[in-house]
Amino acid sequence: MSLWNNSIDEFCGGASRASFEGFRPMEDLNSVVRERLEKAAELERQNVALYPNGYQVPDRIKQLLANSLGKKAEELEADETAYTIAGRVLSVRSFGKSTFMHLCDSDSKIQVYLQKNQIGEDGYALAKRIDIGDIIRVGGPLFRTKTDELTLLVKDFTLLTKNLRPLPEKFHGLKDIELRYRQRYVDLMINEQVRETFRKRARIISTMRRFFAERDFLEVETPMMHAIAGGATAKPFKTHHNALDMDLYLRIAPELYLKRLLVGGFERVFELNRNFRNEGVSTQHNPEFTMVEFYQAHATYEDLMGLTEELFGLLCREVNEGKTSLEYQGDVIDLSAPWARYTFLESLSAIGNVPREALESLEGAVGYARSLGIGMERFEGHGKLLTKIFDLVVEPRLVQPTFIYQYPLEVSPLSRKTEGAPEFVDRFELFIAGREMANAFSELNDPRDQRERFERQIAAFQAGDEEAHQMDEDYIRALEYGMPPAAGEGIGIDRLVMLLTDSPSIRDVILFPHMRPEKKGL
RNA sequence: GGGCCGUUAACUCAGAAGGUAGAGUAUCUGCCUUUUAAGCAGAGAGUCGCCGGUUCGAAUCCAGCACGGCCCA
């Protein structure tokens with residue numbers, strides 16, 4: 001007992017003070033951490049740097065694997081070329097005078113072999129002090145073991161970073177969902193498929209940027225902090241600007257700013273960034289989430305259907321080995337164009353089996369909604385009620401990609417009215433795997449109509465609808481200058497990544513999902 | 001906000017009916033120069049989420065709270 005106490009003392013405040021100025025032991029010191037601390041102190045006493053830098057690492061494991069693909073043992077044996085790689089030690093199999101380790105760098109893993117007669121008595125003694133979780137640099141030629149595994153025969157090695165906390169169990173990995181999200185760094189270290197998910201996320205986003213760039217869309221950045229939270233129906237987060245002494249809202253959507261850019265003359269714009277909505281957290285919702293919104297002048301929502309089919313097909317092939325179909329949570333989903341299209345009302349009757357009287361009158365809808373257990377607020381009209389019915393009886397059944405178009409005017413305050421059907425708008429939503437994936441419409445560019453819509457929203461707000469739009473006078477003014485006819489669309493990136501990576505929860509595709517703070521001391 | 005479930009060693013998990021906690025991995029010691037969930041022998045490691053209550057006695061039963069998960073609104 002007193003042995004490790006003394007050693008920790010030395011490590012934290014005694015002999016090693018110079019190199020550990022300010023270092024304090026963690027509160028949850030367990031026996032393994034104590035032993036690591038002691039081992040680290042011992043290494044420092046032997047003048048082994050625990051956190052050196054400046055070492056060159058010319059080779060990547062991925063390259064070594066690629067270059068050696070198909071090379072026979074004899075072929076490798078004959079090649080004396082030494083390679084130098086660095087990575088985290090993930091496993092150790094140690095014998096009396098030799099040791100195997102697996103080393104992992106950012107995208108690949110390779111076995112390395114340390115032998116006493118290669119690195120000498122002192123070198124091997126130091127090698128024995130390497131722990132799982134340490135980051136090391138090794139150099140030497142490649143060979144194949146008896147079991148034909150490509151392995152680097154270590155001629156020299158350097159400790160680059162000492163690990164002080166044991167890694168999770170090698171076989172089961174880190175399973176505890178809470179720990180995986182709170183300590184994503186450990187999750188990423190241990191669970192290769194998690195790293196792969198986030199690599200795919202990056203690829204999806206960069207492919208999307210390229211897709212829009214190729215079509216002459218300009219990427220822009222509009223404000224995250226809004227004086228009026230507009231562009232969607234959602235509750236915003238409120239914040240305060242001290243110097244200006246004014247309340248601001250984190251944006252719920254960039255829409256109204258992007259359309260101001262159409263007015264300004266940028267005819268194709270997109271923004272791919274975060275939105276914030278002050279609502280519940282679930283497998284589908286994170287308070288901050290990523291959206292791409294894009295606007296194209298002289299296009300209609302029907303044009304965007306084709307563009308969306310093209311984009312989703314491309315993204316799917318990009319992360320899914322060139323295939324245009326994928327499996328999501330057991331369902332095979334075919335993203336090949338063209339996708340099914342139903343008007344909103346058609347879908348209610350054809351897919352949701354909603355009776356005609358519910359579609360034709362508010363009274364009919366109220367009665368039917370009640371039979372489904374759907375409540376109704378005073379400020380809600382027929383259109384709003386039908387969307388609630390839709391969410392319950394149609395949306396979950398839209399597993400294969402489906403466009404639902406011609407939405408009720410009441411729930412679409414920024415969309416152009418459908419010609420000849422003024423209670424409906426030129427808008428579609430895309431559903432895949434029972435979830436809304438995109439929302440698009442031909443943009444309302446008549447300032448008189450837009451003002452009326454805002455006024456209806458304000459009436460709804462006054463009647464108690466907290467999510468209703470506020471009046472945005474500057475946006476009306478912009479429309480008065482003239483916004484070209486245009487169509488715009490928003491796609492939820494997180495849900496898209498969930499779909500393309502077969503992830504059941506939005507938290508699986510967000511690196512650091514929102515969590516309540518942990519109360520326990522670290 | 002409501003319902004159900006979970007929280008035990010650093011990790012993955014056992015602990016019917018109340019009697020002061022176990023395994024595997026990891027760690028430490030010894031043996032071991034082609035292993036790969038290496039092996040063999042031994043050892044250490046726990047505020048059983050927190051706080052109350054019932055009881056001679058609580059990881060276990062009860063109430064509350066915290067955090068998390070799933071479902072619902």
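Sequence lines set the chain letters: A, B, ... in the order given, protein chains first and strands last, and positions in each chain run from 1. Note that this is a predicted model, so its numbers are computed, not measured.
- Comparing A/D148 and A/D176, the nucleotide of RNA chain B nearest to each residue sits closer to the 5' end for A/D176.
- For B/rG68, one of the phosphate oxygens OP1 or OP2 lies less than 4.0 angstrom from a side-chain nitrogen or oxygen of A/R182.
- Although no hydrogens or angles enter the test, the distance criterion places no donor-acceptor pair under 3.5 Å between the side chain of A/N439 and the main chain of A/E429.
- Look at the C1' atom in both B/rA14 and B/rG46: the space between them is 15 Å, to the nearest Å.
- The separation of B/rU7 from B/rC11, taken at their C1' atoms, amounts to 15 Å, rounded to a whole angstrom.
- Remark: ring of A/F95 does not overlap the six-membered base ring of B/rU33 in a stacked fashion, as centroids less than 5.5 Å apart with planes less than 30° apart are not both met.
- Salt-bridge formation is detected for the pair A/E288/A/R274: a Lys NZ or Arg NE/NH1/NH2 atom is positioned less than 4.0 Å from an Asp or Glu carboxylate oxygen.
- A/D502 places a side-chain N or O within 3.5 Å of a backbone atom of A/Q329 that can act as its donor or acceptor partner.
- At the phosphate of B/rC70, OP1 or OP2 sits under 4.0 Å from a side-chain N or O atom of A/R507.
- If you check the side chains of A/N163 and A/R36, you find a donor sitting under 3.5 Å from an acceptor.
- Taking 4.0 angstrom as the limit, A/R516 places a side-chain polar atom (N or O) nearer than this to OP1 or OP2 of B/rG68.
- When the P atom is compared between B/rG18 and B/rG57, the two are found 15 Å apart, to the nearest whole Å.
- Taking atom P on both B/rC65 and B/rA73, the two are 24 Å apart, rounded to the nearest angstrom.
- Across all strands, A/G173 comes closer than 4.0 Å only to sugar-phosphate atoms, never to a base (heavy-atom distances).
- Taking 4.5 Å as the limit, some side-chain heavy atom of A/K235 sits within range of a side-chain heavy atom of A/E467.
- Annotation: B/rC48 and B/rU20 have their C1' atoms spaced 11 Å apart (nearest Å).
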(request) Using Watson-Crick or G-U wobble pairs with both distances under 3.5 Å, give me RNA chain B in dot-bracket, 5' to 3', with [ ] for crossers and | for pairs to another strand. (result) (((((((..((((.....[..)))).(((((.......))))).....((.((..]....)).))))))))).
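- Looking at residues two or more places apart in sequence or on another chain, you find a salt bridge (Lys or Arg N to Asp or Glu O under 4.0 Å) between A/E192 and A/R195, A/R199.
- Around the NZ atom of A/K62, the shell of radius 6.0 Å holds no more than 12 heavy atoms that belong to other residues, nucleotides or ligands.
- For A/K388, no side-chain nitrogen or oxygen approaches OP1 or OP2 of B/rA73 to under 4.0 Å.
- Comparing the same atom, C1', in B/rU8 and in B/rG22 gives a spacing of 10 Å after rounding to whole Å.
- Salt-bridge annotation for A/E380 and A/K388: present, with a side-chain N of the basic residue lying under 4.0 Å from a carboxylate O of the acidic one.
- In this structure, the side chains of A/L385 and A/Y368 stay at 4.5 Å or more apart for every pair of heavy atoms.
- In this structure, A/R184 forms no cation-pi arrangement with A/F512, as its terminal cationic atom is not both closer than 6.0 Å to the ring centre and no more than 45° off the ring axis.
- Remark: the separation of the C1' atoms in B/rG68 and B/rC50 is 15 Å, to the nearest Å.
- Residue A/R165 places none of its side-chain N or O atoms closer than 4.0 Å to OP1 or OP2 of B/rA10.
- The nearest heavy atom of RNA chain B to A/S94 and to A/R144 marks one nucleotide each, and the one closer to the 5' end goes with A/R144.
- Comparing atom distances between the A/T283 side chain and each of B/rC70, B/rC28, B/rU35 picks out B/rC70 as nearest.
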Tabulated below should be each protein N or O lying under 3.5 Å from an N or O of nucleotides 2-4 of chain B; please produce it.
none

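- Listed by chain and residue number, nothing satisfies the salt bridge (Lys or Arg N to Asp or Glu O under 4.0 Å) test with A/E35 (two or more places apart in sequence, or in another chain).
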Enumerate all atom pairs, one protein N or O and one N or O from nucleotides 24-26 of chain B, separated by less than 3.5 Å.
from   : atom 1 : to     : atom 2 : distance (Å)
B/rG24 : N2     : A/E169 : OE2    : 3.3
B/rU25 : O3'    : A/K170 : NZ     : 3.3
B/rA26 : OP1    : A/K170 : NZ     : 2.6

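- Residue contacts shown for A/F143 include a base, since a base heavy atom lies under 4.0 Å away.
- Taking atom P on both nucleotides, B/rG44 is separated from B/rC28 by 16 Å, rounded to a whole Å.
- When each of A/F428, A/Y342, A/F344 is checked for a side-chain contact (heavy atoms from CB on, under 4.5 Å) with A/Y405, only A/F428 meets the rule.
- Taking 90° from 0 as the syn/anti boundary, the base of B/rA59 is oriented anti.
- Listed by chain and number, the residues in a salt bridge (Lys or Arg N to Asp or Glu O under 4.0 Å) with A/R370 amount to none (sequence neighbours excluded).
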